Amino acid sequence: MRRPPDTNHPRHSGFARWRTALLHRDKPEHHTKVTPPPEPTPPSVSQRSRYALRLLRREWLPDILEALTPGPRQYSALLEDVRSNGSSEEAKQNSRRRYIQESVLTRTLAKMRELDLIDKDRETGFPYHTTYRITTAGQELLDALVPLMHWAEHHNPPHPTPPDDGPE
């Protein structure tokens, strides 16, 4: 008959101690008290404003919100509205972008749905039509952009080019 290994013997110290600890781990004296994680601190004003600015860095987000303001739009009408938005000569001179790819619109719409800025409704019958509409949160964001647009109008250089501070 084999006798249990001596846990104090140098040759058996590592594995035997580990095995002994496993066998006795359910005893109350081996349990340690776990402290709960600290309460999360509320985000500061600067953290919240950085979040809003990162959200608005999405190039087509304001255009899509503006296109959905009159009411729900099907995908093709939304694509056309966003592409035609700001197509005046002044807008063409002041902007580096004016043409949105369908894949970019699809990705932006998916991200906006994830952020609960828009809703997507798909008809169940053939032909399938997908309709997008602005949510309450999206309308609130658009309403919050109005004072920012007024500020930009009053502090706008003749040929505005936004500062490019690089990727975040």
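On a predicted model such as this, the values are computed, not experimentally measured, just so you know.
- Counted by atom type alone, T106 and Y75 present one or more donor-acceptor pairs between their side chains at under 3.5 Å.
- Using a 4.5 Å heavy-atom cutoff, the side chains of I64 and D81 are not in contact.
- Within the 4.5 Å cutoff, the side chain of R73 has no heavy atoms near those of the S76 side chain.
- Other residues, nucleotides and ligands contribute at most 12 non-hydrogen atoms within 6.0 Å of the CD atom of E80.
- Among all heavy-atom pairs drawn from L61 and L55, the shortest one is CD1-O, 4.0 Å.
- Between W60 and L105 the shortest side-chain heavy-atom distance does not fall below 4.5 Å.
- For the pair L65/M112, a side-chain contact is recorded, criterion being any heavy-atom separation below 4.5 Å from C-beta on.
- For Q47, the side-chain contact (heavy atoms from CB on, under 4.5 Å) criterion is met by P43, S44, R50, not counting sequence neighbours.
- Counting only heavy atoms from C-beta outward, the side chains of R48 and S46 never approach each other to under 4.5 Å.
- With rounding to the nearest 0.5 angstrom, the NZ atom of K111 is 4.0 Å from the CD atom of E114.
- In the hydrophobic clustering, F126 connects to Y128, either directly or through intervening members, whenever side-chain heavy atoms lie under 4.5 Å apart.
- Counting only heavy atoms from C-beta outward, the side chains of R133 and L68 never approach each other to under 4.5 Å.
- Panel note: side chain T135, backbone D119; no donor-acceptor pair is recorded below 3.5 Å.
- Without hydrogens or angle criteria, T131 side chain to Q74 main chain gives no donor-acceptor distance under 3.5 Å.
- By the 4.5 Å heavy-atom criterion applied to side chains, D121 and T130 are not counted as neighbours.
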Show the atom names and distances, to 0.1 Å, of all donor-acceptor pairs under 3.5 Å that link a side chain in residues 136-152 to residues at least two apart or in another chain.
residue: Q139; atom: NE2; partner: D143; partner atom: OD1; Å: 3.0
residue: W151; atom: NE1; partner: H155; partner atom: ND1; Å: 3.4

